[in-house]
Protein chains: 2
Amino acid sequence: MQIGELARSTGVKIETIRYYEREQLLPVPQRTDGNYRLYSPRHVEQLRFIRYCRSLDMSLEEVRILIGVLDTPSGSCQTVNALLDEKIVEVDARVNELHKLQDQLRQLRGHCQQPDEVKTCGILMELNRSAGIDKAQI
Amino acid sequence: MQIGELARSTGVKIETIRYYEREQLLPVPQRTDGNYRLYSPRHVEQLRFIRYCRSLDMSLEEVRILIGVLDTPSGSCQTVNALLDEKIVEVDARVNELHKLQDQLRQLRGHCQQPDEVKTCGILMELNRSAGIDKAQI
DNA sequence: GAAAAGCCTGAAGTGGCTTCAGGGTCAAGG
DNA sequence: CCTTGACCCTGAAGCCACTTCAGGCTTTTC
Ligand SMILES: [Zn+2]
Ligand SMILES: [Zn+2]
Ligand SMILES: [Zn+2]
Ligand SMILES: [Zn+2]
């Protein structure tokens, strides 16, 4: 299986696959006489694993760690648990931030119902006012 | 006021301030004889404006647009409204994604209560299983 | 007069890719 | 046999919003 087919069958761009190889996330594949990469089912599996971890918001460094753990099957899975716990805390925090942001954005948007002149626009006035308040708080 | 004081009074790193100047988000300041930058209250205001917009998740390009709008006070504020509406949609979408992610992470974490061997860890088994399912779905 | 604190510049590094420039390889069609 | 087109290769640069680094100048303080 060459790179194009791997790309099609996983939905990962060819350049990304080559990038993962450079980053040592995918094992170096065999080559044909014409220097084309040749992938095995094991590569397909590992690539899917990487993408699934990425979809869970893990960094490539974290994925690298998980792959390392998988390669020592008799070790403990404590690293994995810690990594997930940390990730959960991170995501929760980010969600809280974004909820606040949603409130702020909607409130700000409410300051201008229909477009008016820049100099009297409630949004712009509010943006400047809020920047000033932040100043007072610091 | 020189750069260190501006940095302290706004909580923005010196390097970031210089970066904003290079990116033309802050007007070029005066210089002392010793070539030190000298800032006016107007700079303070604009820097705060930038940071407040950034805290609302706007890109520097969007901030640049807003600053441009502010500089033409007789124009319409339609750009501002459109920008905010788009931002609200973006943030809502991101929040929905993260909520799904929270569910997935917690469910995954539930697959390993106390650390065991890598080869029997429910989390790792689940990670591999889910990556495989994604495969079947594509 | 020397150390410390503050400032300067230009370049490179970060993450996770994407894009680009400039090629080589291989199967099918004329 | 040759050309077209699909496919593949490499190394380098670009993206964003900064941060870090290397190496040096200015000003203040003891
Ligand atoms: Zn308005
Ligand atoms: Zn208000
Ligand atoms: Zn486990
Ligand atoms: Zn499950």
Side-chain angles (χ1 to χ4, degrees), chain A residues 1-26 28-40 43 46-67 83 86-87 90-91 94 97 101, chain B residues 1-26 28-40 43 46-67 83 86-87 90-91 94 97 101:
Chain A
M1 172 186 240
Q2 52 192 51
I3 202 167
E5 199 189 334
L6 178 59
R8 269 190 304 281
S9 79
T10 54
V12 180
K13 286 196 170 189
I14 288 178
E15 295 82 6
T16 307
I17 295 172
R18 287 198 284 244
Y19 171 72
Y20 287 163
E21 183 183 329
R22 272 203 307 285
E23 292 295 308
Q24 322 218 76
L25 285 157
L26 277 177
V28 175
Q30 281 189 270
R31 298 277 182 145
T32 65
D33 289 351
N35 201 32
Y36 286 14
R37 286 172 179 82
L38 271 187
Y39 294 99
S40 69
H43 287 99
Q46 184 141 336
L47 181 52
R48 284 186 203 289
F49 180 82
I50 295 168
R51 296 308 292 201
Y52 186 65
C53 290
R54 292 285 301 130
S55 83
L56 297 177
D57 242 27
M58 297 183 195
S59 69
L60 291 186
E61 186 49 38
E62 288 167 332
V63 178
R64 225 188 305 273
I65 290 168
L66 286 184
I67 289 174
L83 200 152
E86 201 190 339
K87 188 64 38 185
E90 273 174 37
V91 173
R94 183 68 183 140
E97 273 178 30
L101 183 54
Chain B
M1 170 187 245
Q2 52 192 52
I3 201 166
E5 199 187 334
L6 178 58
R8 268 190 305 281
S9 80
T10 55
V12 180
K13 285 194 169 191
I14 289 177
E15 295 82 6
T16 306
I17 295 172
R18 287 198 285 244
Y19 170 72
Y20 287 161
E21 182 183 330
R22 273 202 307 286
E23 292 295 308
Q24 323 217 75
L25 285 157
L26 278 177
V28 174
Q30 282 188 269
R31 299 275 183 147
T32 65
D33 289 351
N35 201 33
Y36 285 15
R37 287 171 177 82
L38 272 187
Y39 294 98
S40 70
H43 287 99
Q46 184 140 336
L47 181 54
R48 285 187 204 285
F49 180 81
I50 295 168
R51 295 309 292 202
Y52 187 65
C53 290
R54 293 284 302 130
S55 83
L56 296 177
D57 240 29
M58 296 182 195
S59 69
L60 292 186
E61 186 49 38
E62 289 168 329
V63 178
R64 224 188 306 271
I65 290 168
L66 286 183
I67 289 174
L83 201 152
E86 202 191 338
K87 190 63 38 185
E90 273 174 37
V91 173
R94 183 69 184 140
E97 273 178 31
L101 184 55

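To find a chain, count down the sequence lines: A is the first, B the second, and so on, and within it residues start at 1.
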Identify whether the distance between the nearest side-chain nitrogen and carboxylate oxygen of [X] and [Y] falls below 4.0 Å.
X: A:R94; Y: A:E97; value: yes
X: B:R64; Y: B:E61; value: yes
X: B:E90; Y: B:K87; value: yes

query: Does any N or O donor sit under 3.5 Å from an N or O acceptor when you compare the side chain of A:Y36 with the base of C:dG24?
result: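 For A:Y36, whose side chain was compared with the base of C:dG24, there is a donor-acceptor pair (under 3.5 Å).
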task: Side-chain contact test, heavy atoms from C-beta onward, threshold under 4.5 Å: evaluate it for A:L60 versus A:Y19 and give yes or no.
output: yes
Is the phosphate of [N], meaning OP1 or OP2, less than 4.0 Å from a side-chain N or O of [X]?
X: B:Y19; N: D:dC16; answer: no
X: A:R31; N: D:dT10; answer: yes
X: A:K13; N: C:dT19; answer: yes
X: A:Q2; N: D:dC8; answer: yes
X: A:T16; N: C:dT18; answer: yes

Rounded distance (Å) that lies between atom [atom2] of [N] and atom [atom1] of [X]:
X: B:M58; N: D:dA17; atom1: CE; atom2: P; result: 13 Å
X: A:I17; N: C:dT18; atom1: CD1; atom2: P; result: 11 Å
X: B:M1; N: C:dC7; atom1: CE; atom2: P; result: 11 Å
X: A:E5; N: D:dA6; atom1: CD; atom2: P; result: 18 Å
X: A:L47; N: C:dC17; atom1: CG; atom2: P; result: 11 Å
X: A:Y20; N: C:dG16; atom1: OH; atom2: P; result: 9 Å
X: B:R22; N: C:dA11; atom1: CZ; atom2: P; result: 11 Å
X: A:R18; N: D:dC8; atom1: CZ; atom2: C1'; result: 7 Å

query: Does A:Q24 CD have over 12 foreign heavy atoms under 6.0 Å away?
result: no
Which is true for [X] with a 4.0 Å heavy-atom rule: it touches a base, it touches only sugar-phosphate, or it touches nothing?
X: A:E23; answer: nothing
X: A:S59; answer: sugar-phosphate
X: A:R51; answer: sugar-phosphate
X: A:R37; answer: sugar-phosphate

task: Between A:T32 and A:E15, just flag the one whose closest nucleotide in DNA chain C comes earlier from the 5' side.
output: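 Its nearest nucleotide being more 5', the pick is A:E15.
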query: Between A:I14 and B:N35, which has a closest nucleotide on DNA chain D that is more 5'?
result: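 Comparing both residues, the 5'-ward one is A:I14.
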